[in-house]
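This report concerns only the one structure given below.
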2 protein chains.
Amino acid sequence: MRMKITKARRLILEELRKCRSHPTADELFRRLRLQLPRVSLATIYRNLELLERRGLIRRLDLGSGRRHYDGNIADHAHIRCIECGAVADICSPGRRWWHEIQQESGYSLIGSQIEVIGLCPRCLKRKKGNERRR
Amino acid sequence: MRMKITKARRLILEELRKCRSHPTADELFRRLRLQLPRVSLATIYRNLELLERRGLIRRLDLGSGRRHYDGNIADHAHIRCIECGAVADICSPGRRWWHEIQQESGYSLIGSQIEVIGLCPRCLKRKKGNERRR
DNA sequence: ATAGTAATGATAATAGTAATCATTATCATA
DNA sequence: TATGATAATGATTACTATTATCATTACTAT
Ligand SMILES: [Mn+2]
Ligand SMILES: [Mn+2]
Ligand SMILES: [Zn+2]
Ligand SMILES: [Zn+2]
């Protein structure tokens, strides 16, 4: 089954490759409607699934209830602010660790989903300010 | 608000500490009903949330659609078989990496959720067998 | 034993994602 | 460029895991 290049598909991939914000399906839907007003949310989901299966994008199952999508398929991990939800890139733990777990677990490794949770610099600052004020 | 020790709560924690299989809420529900036939699924969810907030268990938001729970709160990561869904323990990447990302990202780190995906030894074997047969 | 209140069971509500289906758009071929 | 096969779409519904609601029950400090 070959993949046709449709307007929605092209725009979704472009948007994901352009932005660094790891949007959800709904965020992409709202952005895409500006250029393609009649697009359906179902089209967003279907294309995200297809693009992920083709290895053109990454799907992030963070623990926030909604999935995030990433146009950057280079090896990297993510950090999410527990306060504002922002998702940023971080570097992965090294190849060393990867080989270790492959040896120890006996699994054949396919991919990884590594998320670190914390407070982003902005929220950290705000929280500290609030504490001082009390 | 202090936490009362109820039958359901005690049994959930015992089951999670005993088993190594990282069950979902529904799996726990079915197991608990053998000992507590009138228990409600809502009770399972409420207790899991409470126990997680108290730091007595861990909640795993893997990319499988359902959450898994872990009675082992020692520092470790997880590996999930993409074929059969089995979730096993692996060791975390080292403290070194943790410090690096704290420095580089500027975040104040709280926790991490690290999942590696692959094929478990059993599924790997089965798949190889099938290929040979073709 | 009792009073105060946290927890429960039953059930409805929510929300994100997936499925359905008639219609439309894409694209290899002529 | 026109055509035909079929992949993709929009609109809508269905599904499923989790959360909220609320009257009733079970804990526990006194
Ligand atoms: Mn990223
Ligand atoms: Mn574990
Ligand atoms: Zn933040
Ligand atoms: Zn397996």
Side-chain angles (χ1 to χ4, degrees), chain A residues 1-16 22-54 56-70 80 85 87 113 115, chain B residues 1-16 21-54 56-70 80 82 85 87 113 115:
Chain A
M1 195 217 292
R2 44 176 304 96
M3 181 173 72
K4 293 180 180 173
I5 298 161
T6 64
K7 281 203 196 72
R9 187 162 298 159
R10 187 172 43 77
L11 288 171
I12 288 170
L13 190 53
E14 274 176 12
E15 179 63 28
L16 280 176
H22 308 87
T24 62
D26 193 64
E27 283 164 0
L28 279 168
F29 177 51
R30 285 201 298 273
R31 290 183 206 174
L32 227 67
R33 265 204 297 202
L34 303 176
Q35 298 184 255
L36 211 63
R38 299 196 53 79
V39 76
S40 158
L41 181 57
T43 298
I44 307 290
Y45 275 109
R46 276 185 301 236
N47 278 295
L48 288 172
E49 210 229 316
L50 185 73
L51 291 170
E52 204 257 340
R53 275 216 315 273
R54 297 286 162 108
L56 296 171
I57 64 172
R58 277 179 60 188
R59 192 175 80 171
L60 312 181
D61 283 286
L62 314 180
S64 67
R66 295 143 77 193
R67 288 182 181 142
H68 294 248
Y69 295 86
D70 195 342
R80 174 168 56 96
V87 175
Q113 163 131 335
E115 186 205 12
Chain B
M1 194 219 290
R2 44 176 302 95
M3 180 172 73
K4 293 180 180 172
I5 298 161
T6 64
K7 282 203 195 73
R9 188 162 296 160
R10 186 172 45 75
L11 288 172
I12 289 169
L13 190 53
E14 275 176 11
E15 178 64 28
L16 280 176
S21 61
H22 310 86
T24 62
D26 192 64
E27 284 164 1
L28 279 169
F29 177 52
R30 286 201 298 272
R31 290 182 205 173
L32 228 67
R33 264 203 299 204
L34 303 175
Q35 298 185 255
L36 211 63
R38 299 197 53 77
V39 76
S40 158
L41 181 56
T43 297
I44 308 290
Y45 274 109
R46 277 185 300 237
N47 278 295
L48 287 172
E49 210 230 316
L50 185 73
L51 291 170
E52 205 256 338
R53 275 215 315 273
R54 297 286 161 108
L56 295 171
I57 64 172
R58 277 179 61 188
R59 194 174 80 170
L60 312 181
D61 283 287
L62 314 180
S64 66
R66 297 144 74 192
R67 287 182 181 141
H68 293 250
Y69 294 87
D70 194 343
R80 175 168 57 94
I82 206 172
V87 176
Q113 163 132 333
E115 186 205 11

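Sequence lines set the chain letters: A, B, ... in the order given, protein chains first and strands last, and positions in each chain run from 1. All values derive from a computational prediction rather than experimental measurement.
You'll find that the side chain of B/Ala25 is closest to D/dT18, out of C/dA7, D/dT18, C/dA19. When the nucleotides C/dT8, D/dA11, C/dT17 are ranked by their closest atom to the side chain of B/Asn47, C/dT8 comes out on top. The side chain of A/Lys4 lies closest to D/dA8 when the candidates are C/dA10, D/dT9, D/dA8. For B/Ala8, the listed nucleotide lying nearest its side chain is C/dT8; candidates were C/dT8, D/dT28, D/dT9. Here C/dG9 is the nucleotide among C/dA19, D/dT9, C/dG9 with the atom lying nearest to any side-chain atom of B/Ser40. Closest to the side chain of A/Thr6, out of C/dT5, D/dT18, D/dT9, is D/dT9. If you check D/dG10, C/dC27, C/dT26 against the side chain of A/Thr43, the one that comes closest is D/dG10. The nucleotide whose nearest atom lies closest to any side-chain atom of B/Arg66 is, among C/dT26, D/dA17, C/dG4, D/dA17.
Atom CG of B/Leu41 and atom P of C/dG9 are 11 Å apart (whole Å). The nearest whole Å value for the distance from the CG atom in B/Leu51 to the P atom in C/dA6 is 17 Å. Rounded to whole Å, atom C1' of D/dA8 lies 14 Å from atom CG of A/Leu48. Rounded to an integer number of Å, the gap from CZ of A/Arg54 to C1' of D/dA8 is 13 Å. Atom-to-atom, CD of A/Glu49 to P of D/dA8 comes out at 12 Å; the value is rounded to the nearest Å. Between A/Arg38 atom CZ and D/dA8 atom P there is a gap of 20 Å when expressed in whole angstrom units. Protein atom NZ of A/Lys7 is 14 Å distant from nucleotide atom C1' of C/dC27, rounded to whole Å. With rounding to whole Å, A/Ile12 atom CD1 is found 11 Å from D/dA8 atom C1'.
Each of A/Val39, A/Thr43, A/Ile12 was checked for a side chain to side chain contact (heavy atoms under 4.5 Å, CB included) with A/Phe29, and the lone residue meeting it is A/Val39. Between A/Glu49 and the choices A/Arg53, A/Glu52, A/Arg46, the side chain to side chain contact (heavy atoms under 4.5 Å, CB included) rule is met once, by A/Arg53.
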- Can B/Glu14 and B/Leu11 be said to form a side chain to side chain contact (heavy atoms under 4.5 Å, CB included), step by step? CA-CA 5 Å; B/Glu14 275 176 11; B/Leu11 288 172; 3.8 Å; yes

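One finds no side-chain N or O of A/Arg33 lying less than 4.0 angstrom from the OP1 or OP2 phosphate oxygen of D/dG10. Contact check, B/Tyr45 against D/dT18: a side-chain N or O comes under 4.0 Å of OP1 or OP2. Checking the phosphate oxygens (OP1, OP2) of C/dA7, no side-chain nitrogen or oxygen of B/Arg10 falls inside 4.0 Å.
Pairing for D/dT19 goes to C/dA12, judged as Watson-Crick or G-U wobble with the two contacts each under 3.5 Å.
Under the side chain to side chain contact (heavy atoms under 4.5 Å, CB included) criterion, B/Arg30 pairs with B/Asp26, B/Glu27, B/Arg33, sequence neighbours left out.
A/Arg46 contributes a side-chain N or O that forms a donor-acceptor pair with the base of C/dT20 under 3.5 Å.
Counting non-hydrogen atoms under 4.0 angstrom, B/Asp26 reaches nothing in the nucleic acid.
Under the 4.5 Å side-chain criterion, counting only non-hydrogen atoms from C-beta, B/Met3 is in contact with B/Leu56.
A donor-acceptor pair under 3.5 Å is formed between the side chain of A/His68 and the backbone N or O of A/His22.
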